[in-house]
Amino acid sequence: MNFAFFEVFDIYLLEAVVNGILLGGVLALMALGLNLIFGVIDVVWICYAELIMIGMYGLYYAFAVYGLPMWIAAPMCIALVAVLGLMLHYIVIRPLLDAAPINQLLATGGVLFFLQSFATVAFGIDFRNLGIRLPVLAIGEMHFSYARLLAFLAALAGMVTIYLFMTRTYIGTAIRAIAQDRQIMVLMGVDSRRLYLVTSALGGALAGLAACLLVLQYDVHPFVGLSFGPITFMIVVLGGLGNFIGGFVASFVFAEIISLGGLYSDLEWGYVLAFAFFILMMFARPQGLLTRRS
Amino acid sequence: MLLLKGLVKRFGGFAAVNNVSFEVERGEILGLIGPNGSGKSTIFNVLSGTYRPTAGSILFDGHEIAGLAPHQIINRGIGRTFQIPRPFRRLSVFDNVALAGYYGQGRHSRAKAQASAERALAVVGLSVDARAEVGGLGAAGLKKLELAKALATEPKLLLADESLGGLDEQEMSRAAEMLRRIRDEMGITIIWVEHIMGVLMRVVDRVIVLDHGEKIAEGSPGAVANNPKVIEVYLGTQAQAVQQELATASHAEGAPS
């Protein structure tokens, strides 16, 4: 009897671990976008999760309301949020590039409320979803949703694409370089304004991809950003702002805490544990899990 | 090729560069010397677009470049090295140089960037293992990398900022020789700011001396080294050594200029 108990326990544990990894992939994707923006432009997009929210509505309207096929709707949604990222940079960030960081935070914080209010007025406060239910994959007694698997794989593909772009092209190399030394980059002939625009579009595109993956799993409503915005910020801070690898590692740490914490109780307790862990870590390692090399 | 007319750069009430005019001929190596705070670096920063001049004009190949952004100036053909090398430490040596080539030429061509990076690395003698990390380079290696980055932008005019600092005797003569080769073989005009007078005087065609933001002397190395005003404000006790150095150098070449 004892033996049987452990067997069941282990299966649930394994299921939770795997689900944590799947969740970690999507979190890592969001963290990457935020880190990219911070690392290159030195600005935090407080409204990052709200860009994702708009993207979720974009996919909802394109796919569920206007009935476009997914292979058109998803790229459209990614392009839409990329353009939003460009606009955010052009209209809000650029005039404030030399302003105090607190002003930049307040400005992008203002965009957060603007986007929430805009969504409330334009789309209403109803919860919407794509109206598709992907099947559940059963391995033995463990169950994994296809939506999560798909999201994980797509997030991974998105991150690999960014990695290749950053390492194989000169624009990507310049983006990595400008994150290391902003001043010298300009003196090497780089037009930093153009590079910032490319980065903003990339950050937006990542948010767009995240939007496509999240709307597969969750309902969209004007305040949906609040349910994954804070966790993304915690991940990015814990990983060390602007540190891509730190953000990647922290994503999986957090995802496992949420998933395993949820195993013993409700999923909400997983979030409570994750936030408690974050607060503890801020005392222990305020500079982030992996300290940024200089 | 380069013409500065009445260049002024003020910081608040302080004139770091005060009404400086000079011309740089195509194909020459011009030494720019003077005590600390005499305005050499400020002139370089104005020429490379980091600072906007308060007044005056800078004509490069007949076009006004005062007030252009740094990347525009580099794209027009003015490259620059820095006194303290600041490479991107997380990129390879090759990527550092190729990146400068990619953006510096303003054409954004991958093939061209790689070709000029390879050429620049060969010229400075860093071609051994360019895929290596920057961290493995010593002081001389970093100076070479700095020079290669500037050369990869395919400049017509090179601003060399203290290329000798931190090098030992032997490395210094090699670095000076390299600057001369860059001019001779690549046809690049050079303005060279340096504190180590002996080596500089042997290589340059002409010298301009600055003090407190003003030009106090201009001429051949020999004339400048014997100029009482220059000796008083700058060369001081170094004067004798520099004059001696010049004498042996011209004797060795057998052709005093």
Side-chain angles (χ1 to χ4, degrees), chain A residues 32 35-36 38-42 90 94-95 97-98 162-199 201-202 239-249 288 290-294, chain B residues 44-45 47-51 68-92 94-114 116-117 133-135 145-146 148-155 159 161:
Chain A
L32 177 63
N35 262 331
L36 190 65
F38 180 81
V40 175
I41 312 178
D42 212 7
Y90 205 83
R94 200 170 192 171
L97 270 182
D98 297 319
I162 292 289
Y163 175 79
L164 291 177
F165 174 76
M166 298 286 272
T167 49
R168 301 288 164 86
T169 71
Y170 279 110
I171 299 176
T173 308
I175 287 176
R176 279 188 297 149
I178 205 167
Q180 291 173 42
D181 193 332
R182 196 173 312 282
Q183 290 158 303
I184 226 72
M185 226 24 218
V186 184
L187 297 162
M188 282 173 68
V190 176
D191 182 355
S192 57
R193 288 182 309 175
R194 239 180 66 173
L195 215 51
Y196 287 174
L197 282 176
V198 173
T199 309
L202 268 182
L241 269 171
N243 185 330
F244 297 166
I245 297 165
F248 188 80
V249 172
L290 309 172
T291 315
R292 202 174 169 188
R293 284 174 298 167
S294 56
Chain B
F44 264 23
N45 283 332
L47 283 178
S48 58
T50 310
Y51 297 152
L68 289 184
H71 69 268
Q72 292 170 313
I73 287 180
I74 290 179
N75 294 346
R76 299 230 178 157
I78 301 184
R80 156 169 202 183
T81 70
F82 287 85
Q83 184 181 348
I84 299 160
R86 272 164 71 177
F88 300 110
R89 295 195 172 271
R90 276 178 277 173
L91 302 185
S92 71
F94 186 83
D95 279 350
N96 262 282
V97 181
L99 194 60
Y102 186 77
Y103 281 100
Q105 300 169 28
R107 269 168 280 159
H108 298 192
S109 144
R110 195 184 175 82
K112 282 221 172 243
Q114 282 171 345
S116 32
E133 296 278 319
V134 171
L145 172 59
E146 191 64 24
K149 276 165 68 179
L151 291 178
T153 67
E154 307 214 322
L159 310 176
D161 197 352

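The sequence lines fix the lettering, A, B, ..., with proteins before strands; numbering per chain opens at 1.
- In this structure, B:Tyr103 and A:Asp191 have side chains that are not in contact, with every pair of non-hydrogen atoms separated by 4.5 Å or more.
- Rounding to the nearest 0.5 angstrom, the gap separating the CD1 atom in A:Ile184 from the NZ atom in B:Lys149 is 6.0 Å.
- Partner A:Asp181 forms a side chain to side chain donor-acceptor pair (under 3.5 Å) with one of B:Arg86, B:Arg89, B:Arg90 and no other, that one being B:Arg86.
- Heavy atoms of B:Ala69 lying under 4.5 Å from chain A are absent altogether.
- The residue among B:Ala98, B:Gly104, B:Gly101, B:Ser48 with the most heavy atom pairs within less than 4.5 Å of chain A is B:Ala98.
- Heavy-atom contacts from other residues, nucleotides or ligands closer than 6.0 Å to CZ of A:Arg182 number more than 12.
- Within the 4.5 angstrom heavy-atom criterion, no atom of B:Arg80 approaches chain A.
- Heavy atoms of other residues, nucleotides or ligands lying less than 6.0 angstrom from CZ of B:Arg110 number more than 12.
- In this structure, A:Arg194 CZ and B:His71 NE2 are separated by 8.5 Å, a value rounded to the nearest 0.5 Å.
- Atom CG in B:Leu91 sits 11.0 Å away from atom OG1 in A:Thr167 (nearest 0.5 Å).
- Across all their heavy atoms, B:Phe88 and A:Ala177 have their closest contact at CE2-O, 3.3 Å.
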